[in-house]
Number of protein chains: 2
Amino acid sequence: MENSTSTTEERILEAAKKVFHCKGFDGARMQEIADEAGVNKSLVHYYYRNKDNIFQAVFEDAFSKLITKLNEIFYSDLDFKSKITIFVSYYVSFLSENSYIPLFILNGLYEKPDMIKAMLKKKNFAPEKLMEQIRKQVKEELHLEIDPFHLYINILALSIFPVIAKPLIQTIFGYSNDQLKQFNEERKTVVPDFILNALKGYENEHRN
Amino acid sequence: MENSTSTTEERILEAAKKVFHCKGFDGARMQEIADEAGVNKSLVHYYYRNKDNIFQAVFEDAFSKLITKLNEIFYSDLDFKSKITIFVSYYVSFLSENSYIPLFILNGLYEKPDMIKAMLKKKNFAPEKLMEQIRKQVKEELHLEIDPFHLYINILALSIFPVIAKPLIQTIFGYSNDQLKQFNEERKTVVPDFILNALKGYENEHRN
DNA sequence: AGTTGGTTTAACCAAGTGGTTAAATATAAT
DNA sequence: ATTATATTTAACCACTTGGTTAAACCAACT
(Lines give C-alpha, C1' and ligand atoms only; values in the text may rest on other atoms or scores of the structure.)
Protein backbone atom coordinates (compact mmCIF):
# COMPACT_ATOMS: atom_id res chain seq x y z
CA MET A 1 0.00 0.00 0.00
CA GLU A 2 2.77 2.44 -0.95
CA ASN A 3 1.40 5.95 -1.36
CA SER A 4 3.47 7.80 -3.96
CA THR A 5 7.16 7.50 -3.06
CA SER A 6 6.99 7.46 0.75
CA THR A 7 6.71 4.42 2.97
CA THR A 8 4.00 4.19 5.57
CA GLU A 9 6.53 4.72 8.33
CA GLU A 10 7.65 7.99 6.74
CA ARG A 11 4.09 9.11 6.24
CA ILE A 12 3.42 8.54 9.93
CA LEU A 13 6.49 10.55 10.90
CA GLU A 14 5.40 13.41 8.64
CA ALA A 15 1.93 13.32 10.20
CA ALA A 16 3.46 13.27 13.68
CA LYS A 17 5.57 16.32 12.85
CA LYS A 18 2.49 18.24 11.80
CA VAL A 19 0.51 17.32 14.89
CA PHE A 20 3.30 17.74 17.46
CA HIS A 21 4.40 21.04 15.95
CA CYS A 22 0.88 22.44 16.12
CA LYS A 23 -0.37 20.93 19.37
CA GLY A 24 2.75 20.23 21.44
CA PHE A 25 3.36 16.98 23.31
CA ASP A 26 0.37 17.12 25.65
CA GLY A 27 -2.02 18.47 23.04
CA ALA A 28 -1.11 15.87 20.43
CA ARG A 29 -3.30 12.78 20.15
CA MET A 30 -2.12 9.46 18.77
CA GLN A 31 -5.46 9.18 17.00
CA GLU A 32 -4.92 12.51 15.26
CA ILE A 33 -1.49 11.43 14.07
CA ALA A 34 -3.00 8.23 12.68
CA ASP A 35 -5.81 10.14 10.96
CA GLU A 36 -3.36 12.64 9.49
CA ALA A 37 -1.28 9.73 8.12
CA GLY A 38 -4.39 7.95 6.88
CA VAL A 39 -3.76 4.81 8.90
CA ASN A 40 -5.16 3.06 11.93
CA LYS A 41 -4.06 4.22 15.36
CA SER A 42 -2.40 1.00 16.41
CA LEU A 43 -0.25 1.06 13.31
CA VAL A 44 1.39 4.14 14.78
CA HIS A 45 2.19 2.06 17.87
CA TYR A 46 3.46 -0.74 15.65
CA TYR A 47 6.16 1.49 14.18
CA TYR A 48 6.92 3.75 17.16
CA ARG A 49 6.05 1.78 20.28
CA ASN A 50 4.73 4.76 22.25
CA LYS A 51 4.12 8.51 22.27
CA ASP A 52 7.50 9.36 23.78
CA ASN A 53 9.31 7.50 21.02
CA ILE A 54 7.57 9.20 18.17
CA PHE A 55 7.94 12.56 19.85
CA GLN A 56 11.65 11.97 20.17
CA ALA A 57 11.90 11.11 16.48
CA VAL A 58 10.12 14.34 15.60
CA PHE A 59 12.25 16.38 17.97
CA GLU A 60 15.52 14.95 16.68
CA ASP A 61 14.48 15.73 13.15
CA ALA A 62 13.63 19.34 13.95
CA PHE A 63 16.69 19.88 16.12
CA SER A 64 19.18 18.49 13.63
CA LYS A 65 17.63 20.59 10.86
CA LEU A 66 18.34 23.69 12.92
CA ILE A 67 21.77 22.73 14.18
CA THR A 68 23.35 21.22 11.08
CA LYS A 69 23.15 24.40 9.04
CA LEU A 70 24.19 26.53 12.00
CA ASN A 71 27.39 24.53 12.48
CA GLU A 72 28.05 24.41 8.78
CA ILE A 73 27.99 28.18 8.47
CA PHE A 74 29.88 29.07 11.64
CA TYR A 75 32.60 26.46 11.03
CA SER A 76 33.25 27.61 7.48
CA ASP A 77 36.28 29.67 6.41
CA LEU A 78 34.35 32.89 5.89
CA ASP A 79 35.13 36.10 7.75
CA PHE A 80 32.83 36.71 10.68
CA LYS A 81 30.77 39.46 9.13
CA SER A 82 29.98 37.31 6.11
CA LYS A 83 29.02 34.50 8.43
CA ILE A 84 26.51 36.75 10.17
CA THR A 85 24.95 37.92 6.92
CA ILE A 86 24.73 34.44 5.47
CA PHE A 87 23.53 32.87 8.70
CA VAL A 88 20.77 35.38 9.29
CA SER A 89 19.39 35.40 5.77
CA TYR A 90 19.47 31.62 5.63
CA TYR A 91 17.88 31.21 9.06
CA VAL A 92 15.18 33.80 8.54
CA SER A 93 14.04 32.16 5.35
CA PHE A 94 14.30 28.63 6.72
CA LEU A 95 12.44 29.54 9.89
CA SER A 96 9.72 31.55 8.24
CA GLU A 97 8.93 28.45 6.19
CA ASN A 98 9.11 26.25 9.29
CA SER A 99 7.77 28.72 11.77
CA TYR A 100 6.59 26.09 14.25
CA ILE A 101 10.04 24.58 14.80
CA PRO A 102 11.67 27.06 17.21
CA LEU A 103 8.78 27.17 19.65
CA PHE A 104 8.43 23.41 19.37
CA ILE A 105 12.07 22.96 20.35
CA LEU A 106 11.92 25.46 23.20
CA ASN A 107 8.81 23.81 24.60
CA GLY A 108 10.48 20.43 24.24
CA LEU A 109 13.41 21.68 26.28
CA TYR A 110 10.98 22.67 29.02
CA GLU A 111 8.75 19.59 28.88
CA LYS A 112 11.28 16.82 28.27
CA PRO A 113 14.68 18.04 29.45
CA ASP A 114 15.89 14.54 30.27
CA MET A 115 14.95 13.18 26.87
CA ILE A 116 16.71 16.10 25.21
CA LYS A 117 19.85 15.70 27.31
CA ALA A 118 20.02 12.03 26.37
CA MET A 119 19.64 12.94 22.72
CA LEU A 120 22.39 15.57 22.86
CA LYS A 121 24.70 13.05 24.47
CA LYS A 122 23.85 10.39 21.89
CA LYS A 123 24.62 12.75 19.02
CA ASN A 124 27.56 14.10 21.04
CA PHE A 125 26.73 17.65 20.11
CA ALA A 126 29.36 19.97 21.58
CA PRO A 127 28.56 23.68 21.64
CA GLU A 128 31.89 24.52 23.29
CA LYS A 129 33.76 24.07 20.03
CA LEU A 130 31.38 26.39 18.25
CA MET A 131 31.72 29.01 20.98
CA GLU A 132 35.51 28.75 20.87
CA GLN A 133 35.46 29.33 17.12
CA ILE A 134 33.26 32.40 17.55
CA ARG A 135 35.29 33.71 20.47
CA LYS A 136 38.50 33.45 18.47
CA GLN A 137 37.14 35.22 15.42
CA VAL A 138 35.52 38.03 17.41
CA LYS A 139 38.77 38.72 19.25
CA GLU A 140 41.44 38.11 16.65
CA GLU A 141 39.65 39.21 13.50
CA LEU A 142 37.38 42.01 14.67
CA HIS A 143 39.30 43.06 17.81
CA LEU A 144 36.04 43.66 19.63
CA GLU A 145 35.59 43.70 23.38
CA ILE A 146 32.01 42.50 23.22
CA ASP A 147 31.34 39.22 25.04
CA PRO A 148 31.09 36.60 22.26
CA PHE A 149 28.38 34.65 24.04
CA HIS A 150 26.18 37.72 24.36
CA LEU A 151 26.82 38.49 20.71
CA TYR A 152 25.90 34.94 19.78
CA ILE A 153 22.67 35.09 21.77
CA ASN A 154 21.89 38.48 20.21
CA ILE A 155 22.27 37.02 16.74
CA LEU A 156 20.00 34.11 17.61
CA ALA A 157 17.48 36.43 19.29
CA LEU A 158 17.19 38.76 16.30
CA SER A 159 16.87 35.82 13.89
CA ILE A 160 14.60 33.56 15.86
CA PHE A 161 12.34 35.77 17.98
CA PRO A 162 10.38 37.42 15.18
CA VAL A 163 9.50 33.96 13.88
CA ILE A 164 8.36 32.79 17.29
CA ALA A 165 6.42 36.02 17.70
CA LYS A 166 4.47 35.41 14.49
CA PRO A 167 1.10 35.11 16.25
CA LEU A 168 1.95 38.19 18.30
CA ILE A 169 2.61 40.19 15.15
CA GLN A 170 -0.51 38.82 13.49
CA THR A 171 -2.93 38.79 16.39
CA ILE A 172 -1.80 41.92 18.22
CA PHE A 173 -0.48 44.09 15.41
CA GLY A 174 -2.99 42.72 12.92
CA TYR A 175 -0.52 41.84 10.17
CA SER A 176 -1.96 39.84 7.27
CA ASN A 177 -0.16 36.82 5.82
CA ASP A 178 1.20 38.95 2.98
CA GLN A 179 2.41 41.68 5.31
CA LEU A 180 4.12 39.07 7.47
CA LYS A 181 5.79 37.57 4.42
CA GLN A 182 7.14 40.97 3.43
CA PHE A 183 8.22 41.62 7.00
CA ASN A 184 10.24 38.39 7.02
CA GLU A 185 11.73 39.25 3.65
CA GLU A 186 12.85 42.62 4.98
CA ARG A 187 14.46 41.05 8.01
CA LYS A 188 16.98 39.22 5.84
CA THR A 189 18.70 42.56 5.29
CA VAL A 190 17.49 44.53 8.32
CA VAL A 191 18.94 42.10 10.88
CA PRO A 192 22.47 41.80 9.41
CA ASP A 193 22.55 45.58 8.99
CA PHE A 194 21.50 46.06 12.59
CA ILE A 195 24.14 43.67 13.91
CA LEU A 196 26.96 45.02 11.77
CA ASN A 197 26.06 48.57 12.74
CA ALA A 198 26.18 47.56 16.37
CA LEU A 199 29.62 45.99 15.90
CA LYS A 200 30.82 49.17 14.21
CA GLY A 201 29.72 51.00 17.34
CA TYR A 202 31.92 48.75 19.47
CA GLU A 203 34.93 49.48 17.28
CA ASN A 204 34.61 53.22 17.91
CA GLU A 205 33.88 52.75 21.57
CA HIS A 206 36.69 50.42 22.48
CA ARG A 207 39.48 51.74 20.23
CA ASN A 208 40.87 54.16 22.75
CA MET B 1 -10.60 29.07 56.70
CA GLU B 2 -8.55 32.14 55.67
CA ASN B 3 -4.94 31.22 55.07
CA SER B 4 -2.78 34.21 55.99
CA THR B 5 -4.05 37.26 54.10
CA SER B 6 -5.22 35.71 50.83
CA THR B 7 -8.70 34.45 50.09
CA THR B 8 -9.26 30.95 48.80
CA GLU B 9 -10.11 32.31 45.38
CA GLU B 10 -6.79 34.13 45.19
CA ARG B 11 -4.92 31.06 46.38
CA ILE B 12 -6.51 29.05 43.57
CA LEU B 13 -5.53 31.65 41.02
CA GLU B 14 -1.96 31.63 42.28
CA ALA B 15 -1.89 27.85 42.08
CA ALA B 16 -3.34 27.98 38.57
CA LYS B 17 -0.65 30.41 37.50
CA LYS B 18 2.06 28.07 38.69
CA VAL B 19 0.57 25.02 36.99
CA PHE B 20 -0.39 26.67 33.70
CA HIS B 21 2.96 28.44 33.44
CA CYS B 22 4.87 25.20 33.91
CA LYS B 23 2.64 22.77 32.04
CA GLY B 24 0.74 24.83 29.49
CA PHE B 25 -2.99 24.54 28.86
CA ASP B 26 -3.06 20.90 27.74
CA GLY B 27 -0.50 19.74 30.27
CA ALA B 28 -2.24 21.40 33.21
CA ARG B 29 -4.61 19.30 35.31
CA MET B 30 -7.46 20.71 37.35
CA GLN B 31 -6.53 18.24 40.09
CA GLU B 32 -2.99 19.58 40.19
CA ILE B 33 -4.25 23.14 40.51
CA ALA B 34 -6.46 22.06 43.38
CA ASP B 35 -3.61 20.21 45.10
CA GLU B 36 -1.29 23.18 44.66
CA ALA B 37 -3.92 25.44 46.24
CA GLY B 38 -4.59 22.92 49.00
CA VAL B 39 -8.28 22.55 48.20
CA ASN B 40 -10.62 20.03 46.65
CA LYS B 41 -10.87 19.86 42.87
CA SER B 42 -14.50 20.82 42.62
CA LEU B 43 -13.84 23.97 44.58
CA VAL B 44 -11.77 25.12 41.63
CA HIS B 45 -14.85 24.59 39.46
CA TYR B 46 -16.97 26.44 41.98
CA TYR B 47 -14.93 29.62 41.58
CA TYR B 48 -13.95 29.34 37.90
CA ARG B 49 -16.62 27.26 36.19
CA ASN B 50 -14.24 25.48 33.81
CA LYS B 51 -10.66 25.14 32.62
CA ASP B 52 -10.98 27.77 29.90
CA ASN B 53 -12.16 30.35 32.40
CA ILE B 54 -9.33 29.90 34.82
CA PHE B 55 -6.83 29.80 31.99
CA GLN B 56 -8.17 33.10 30.73
CA ALA B 57 -7.80 34.64 34.18
CA VAL B 58 -4.20 33.49 34.34
CA PHE B 59 -3.48 34.70 30.83
CA GLU B 60 -4.98 38.13 31.42
CA ASP B 61 -2.93 38.53 34.54
CA ALA B 62 0.33 37.64 32.80
CA PHE B 63 -0.44 39.69 29.72
CA SER B 64 -1.36 42.85 31.58
CA LYS B 65 1.75 42.55 33.74
CA LEU B 66 3.84 42.63 30.56
CA ILE B 67 1.90 45.30 28.71
CA THR B 68 1.23 47.81 31.48
CA LYS B 69 4.88 48.53 32.14
CA LEU B 70 5.72 48.53 28.43
CA ASN B 71 3.12 51.21 27.72
CA GLU B 72 4.08 53.18 30.80
CA ILE B 73 7.69 53.45 29.68
CA PHE B 74 7.15 54.09 25.98
CA TYR B 75 4.43 56.70 26.60
CA SER B 76 6.52 58.67 29.06
CA ASP B 77 8.23 61.97 28.27
CA LEU B 78 11.74 60.56 28.17
CA ASP B 79 13.97 60.80 25.12
CA PHE B 80 14.01 57.62 23.07
CA LYS B 81 17.45 56.43 24.08
CA SER B 82 16.56 56.67 27.75
CA LYS B 83 13.39 54.78 27.07
CA ILE B 84 15.37 51.94 25.54
CA THR B 85 17.80 51.75 28.45
CA ILE B 86 15.06 51.88 31.06
CA PHE B 87 12.78 49.50 29.21
CA VAL B 88 15.43 46.85 28.65
CA SER B 89 16.84 46.87 32.15
CA TYR B 90 13.35 46.76 33.64
CA TYR B 91 12.17 44.02 31.33
CA VAL B 92 15.22 41.84 31.70
CA SER B 93 14.95 41.87 35.47
CA PHE B 94 11.18 41.43 35.47
CA LEU B 95 11.33 38.58 32.97
CA SER B 96 14.23 36.77 34.56
CA GLU B 97 12.17 36.62 37.75
CA ASN B 98 9.09 35.51 35.81
CA SER B 99 10.82 33.50 33.16
CA TYR B 100 7.81 31.37 32.35
CA ILE B 101 5.59 34.26 31.31
CA PRO B 102 6.81 35.03 27.77
CA LEU B 103 6.64 31.45 26.54
CA PHE B 104 3.30 31.02 28.28
CA ILE B 105 1.91 34.00 26.41
CA LEU B 106 3.33 32.95 23.06
CA ASN B 107 1.92 29.47 23.45
CA GLY B 108 -1.40 30.95 24.48
CA LEU B 109 -1.46 32.99 21.28
CA TYR B 110 -0.98 29.77 19.33
CA GLU B 111 -3.36 27.59 21.32
CA LYS B 112 -6.20 29.99 22.04
CA PRO B 113 -6.08 32.77 19.44
CA ASP B 114 -9.81 33.42 19.63
CA MET B 115 -9.80 33.73 23.38
CA ILE B 116 -6.88 36.14 23.18
CA LYS B 117 -8.51 38.24 20.48
CA ALA B 118 -11.63 38.55 22.60
CA MET B 119 -9.53 39.60 25.57
CA LEU B 120 -7.65 42.24 23.60
CA LYS B 121 -10.93 43.64 22.34
CA LYS B 122 -12.41 43.68 25.84
CA LYS B 123 -9.43 45.59 27.22
CA ASN B 124 -9.37 47.64 24.01
CA PHE B 125 -5.63 47.41 23.81
CA ALA B 126 -4.42 49.44 20.84
CA PRO B 127 -0.85 48.90 19.68
CA GLU B 128 -1.21 51.42 16.84
CA LYS B 129 -0.92 54.32 19.24
CA LEU B 130 2.25 52.90 20.73
CA MET B 131 3.74 52.36 17.28
CA GLU B 132 2.84 55.90 16.22
CA GLN B 133 4.58 57.27 19.30
CA ILE B 134 7.71 55.24 18.52
CA ARG B 135 7.61 56.12 14.83
CA LYS B 136 7.43 59.81 15.63
CA GLN B 137 10.30 59.78 18.10
CA VAL B 138 12.56 57.69 15.85
CA LYS B 139 12.02 60.06 12.94
CA GLU B 140 11.82 63.46 14.56
CA GLU B 141 14.17 63.03 17.48
CA LEU B 142 16.80 60.64 16.16
CA HIS B 143 16.42 61.32 12.42
CA LEU B 144 16.98 57.66 11.67
CA GLU B 145 15.91 55.88 8.53
CA ILE B 146 15.48 52.54 10.29
CA ASP B 147 11.97 51.10 10.12
CA PRO B 148 10.47 51.74 13.59
CA PHE B 149 8.58 48.46 13.63
CA HIS B 150 11.72 46.47 12.92
CA LEU B 151 13.50 48.44 15.63
CA TYR B 152 10.68 47.72 18.05
CA ILE B 153 10.77 44.00 17.28
CA ASN B 154 14.56 44.03 17.66
CA ILE B 155 14.26 45.58 21.10
CA LEU B 156 11.70 43.00 22.14
CA ALA B 157 13.76 40.18 20.64
CA LEU B 158 16.94 41.12 22.49
CA SER B 159 15.05 41.55 25.76
CA ILE B 160 12.73 38.59 25.61
CA PHE B 161 14.50 35.84 23.67
CA PRO B 162 17.30 35.13 26.15
CA VAL B 163 14.68 34.60 28.83
CA ILE B 164 12.69 32.23 26.65
CA ALA B 165 15.92 30.46 25.74
CA LYS B 166 16.74 29.80 29.39
CA PRO B 167 16.51 25.99 29.04
CA LEU B 168 18.56 26.22 25.86
CA ILE B 169 21.32 28.09 27.66
CA GLN B 170 21.15 25.73 30.63
CA THR B 171 20.62 22.40 28.88
CA ILE B 172 22.73 22.96 25.78
CA PHE B 173 25.42 25.33 27.01
CA GLY B 174 25.41 23.84 30.49
CA TYR B 175 25.03 27.10 32.41
CA SER B 176 24.38 26.71 36.14
CA ASN B 177 21.73 28.75 37.94
CA ASP B 178 24.38 31.17 39.19
CA GLN B 179 25.93 31.60 35.76
CA LEU B 180 22.50 32.26 34.30
CA LYS B 181 21.79 34.84 36.96
CA GLN B 182 25.01 36.64 36.14
CA PHE B 183 24.26 36.37 32.42
CA ASN B 184 20.87 38.06 32.96
CA GLU B 185 22.51 40.73 35.10
CA GLU B 186 25.00 41.47 32.34
CA ARG B 187 22.27 41.76 29.75
CA LYS B 188 20.81 44.80 31.51
CA THR B 189 23.77 46.77 30.20
CA VAL B 190 24.83 44.66 27.21
CA VAL B 191 21.49 44.94 25.42
CA PRO B 192 21.03 48.73 25.65
CA ASP B 193 24.67 49.17 24.62
CA PHE B 194 24.14 46.89 21.65
CA ILE B 195 21.01 48.73 20.52
CA LEU B 196 22.44 52.21 20.98
CA ASN B 197 25.58 51.21 19.12
CA ALA B 198 23.45 49.94 16.28
CA LEU B 199 21.53 53.21 16.16
CA LYS B 200 24.81 55.12 16.08
CA GLY B 201 25.70 53.05 13.04
CA TYR B 202 22.53 54.19 11.31
CA GLU B 203 23.40 57.83 11.97
CA ASN B 204 26.74 57.46 10.19
CA GLU B 205 25.30 55.43 7.38
CA HIS B 206 22.33 57.55 6.50
CA ARG B 207 23.71 61.05 7.13
CA ASN B 208 24.90 61.56 3.61
C1' DA C 1 -31.72 26.58 68.90
C1' DG C 2 -32.84 27.62 64.20
C1' DT C 3 -32.16 29.77 59.85
C1' DT C 4 -29.54 31.58 56.30
C1' DG C 5 -25.67 32.23 53.28
C1' DG C 6 -21.45 31.26 51.50
C1' DT C 7 -17.86 27.67 51.58
C1' DT C 8 -15.95 22.98 51.25
C1' DT C 9 -16.16 18.29 50.39
C1' DA C 10 -16.59 13.06 48.71
C1' DA C 11 -18.52 10.42 45.35
C1' DC C 12 -19.68 9.96 40.88
C1' DC C 13 -19.93 10.14 35.53
C1' DA C 14 -19.37 10.18 30.51
C1' DA C 15 -15.88 10.88 27.34
C1' DG C 16 -11.58 10.42 26.12
C1' DT C 17 -6.59 8.80 26.78
C1' DG C 18 -2.37 5.83 25.53
C1' DG C 19 -1.60 1.33 24.80
C1' DT C 20 -2.50 -4.02 23.86
C1' DT C 21 -3.98 -8.02 21.41
C1' DA C 22 -5.20 -11.22 18.27
C1' DA C 23 -7.06 -11.79 14.09
C1' DA C 24 -7.28 -10.42 9.06
C1' DT C 25 -5.06 -9.16 4.89
C1' DA C 26 -1.71 -8.52 1.40
C1' DT C 27 2.83 -9.91 -0.70
C1' DA C 28 6.07 -12.74 -2.19
C1' DA C 29 8.79 -17.25 -2.11
C1' DT C 30 8.59 -22.22 -2.34
C1' DA D 1 -1.74 -24.07 -3.61
C1' DT D 2 0.94 -23.58 0.55
C1' DT D 3 3.80 -21.35 3.47
C1' DA D 4 6.05 -17.52 5.58
C1' DT D 5 6.44 -12.76 6.45
C1' DA D 6 5.31 -8.11 6.79
C1' DT D 7 1.51 -4.94 7.03
C1' DT D 8 -3.03 -3.42 8.55
C1' DT D 9 -7.04 -3.55 11.16
C1' DA D 10 -11.18 -3.71 14.76
C1' DA D 11 -12.13 -4.52 19.26
C1' DC D 12 -10.84 -3.98 23.65
C1' DC D 13 -8.82 -2.33 28.37
C1' DA D 14 -7.33 0.15 32.40
C1' DC D 15 -6.87 4.65 33.59
C1' DT D 16 -7.29 9.63 33.57
C1' DT D 17 -9.68 13.59 32.14
C1' DG D 18 -12.87 17.76 32.92
C1' DG D 19 -17.00 18.41 34.89
C1' DT D 20 -21.47 17.53 38.00
C1' DT D 21 -24.16 16.78 42.09
C1' DA D 22 -25.86 16.67 46.43
C1' DA D 23 -24.74 16.67 50.84
C1' DA D 24 -21.95 18.55 54.84
C1' DC D 25 -19.83 22.31 57.18
C1' DC D 26 -19.50 26.80 59.37
C1' DA D 27 -19.89 31.36 60.65
C1' DA D 28 -23.23 35.21 61.57
C1' DC D 29 -27.63 36.80 62.63
C1' DT D 30 -32.56 36.27 64.58
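In this text the structure is predicted, and so the values were computed from the model without any measurement.
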Next on the checklist: Centroid separation under 6.0 Å, is that true for the rings of A/Phe87 and A/Phe94?
Outcome noted: no
Checklist outcome for this item: Sorted by number, residues from residues 12-30 of chain A placing a heavy atom under 4.0 Å from DNA chain D are none
Next on the checklist: If I take atom OH in residue A/Tyr47 and atom P in nucleotide D/dA6, what distance separates them, rounded to the nearest angstrom?
Outcome noted: 11 Å
Checklist entry - With side chains defined as the heavy atoms from C-beta onward, is the minimum distance between A/Arg187 and A/Leu158 less than 4.5 Å? => result yes
Checklist entry - Contacts to DNA chain C from residues 50-63 of chain B, heavy-atom cutoff under 4.0 Å, which residues? => result none
Item to check | Pair B/Asp35, B/Gln31: side-chain N/O donor-acceptor within cut-off below 3.5 Å | outcome: yes
Checklist entry - A/Gln182 and side-chain hydrogen bond (donor to acceptor under 3.5 Å, both in side chains): which partner among A/Gln179, A/Glu185, A/Glu186? => result A/Glu186
Checklist entry - Between the main-chain N or O of A/Leu130 and the side-chain N or O of A/Tyr75, is there a donor-acceptor pair closer than 3.5 Å? => result yes
Item to check | Phosphate contact (D/dT7 OP1 or OP2) by A/Tyr46 side-chain N/O below 4.0 Å | outcome: yes
Using a cutoff of under 3.5 Å, can you pull out all pairs of nitrogen or oxygen atoms linking the protein to nucleotides 20-24 of chain C, with atom names and distances?
none

Item to check | Aromatic contact, B/Tyr175 with A/Phe149 (centres under 6.0 Å) | outcome: yes
Checklist entry - What is the distance from CG of B/Leu43 to P of C/dT8, rounded to the nearest Å? => result 6 Å
Item to check | Interatomic distance where CG belongs to B/Asn40 and P belongs to D/dA23 [whole Å] | outcome: 17 Å
Checklist entry - A/Tyr48 near the nucleic acid: base, sugar-phosphate alone, or nothing, with a heavy-atom cut-off under 4.0 Å? => result nothing
Checklist entry - Do we see a donor-acceptor contact under 3.5 Å between the side chains of A/Asn40 and A/Ser42? => result yes
Checklist entry - What integer distance in Å separates A/Gln31:CD from C/dT17:P? => result 8 Å
Checklist entry - Applying the side-chain contact (heavy atoms from CB on, under 4.5 Å) test to A/Lys17, which of A/Ile33, A/Asp61, A/Asn98, A/Ile12 qualifies? => result A/Asp61
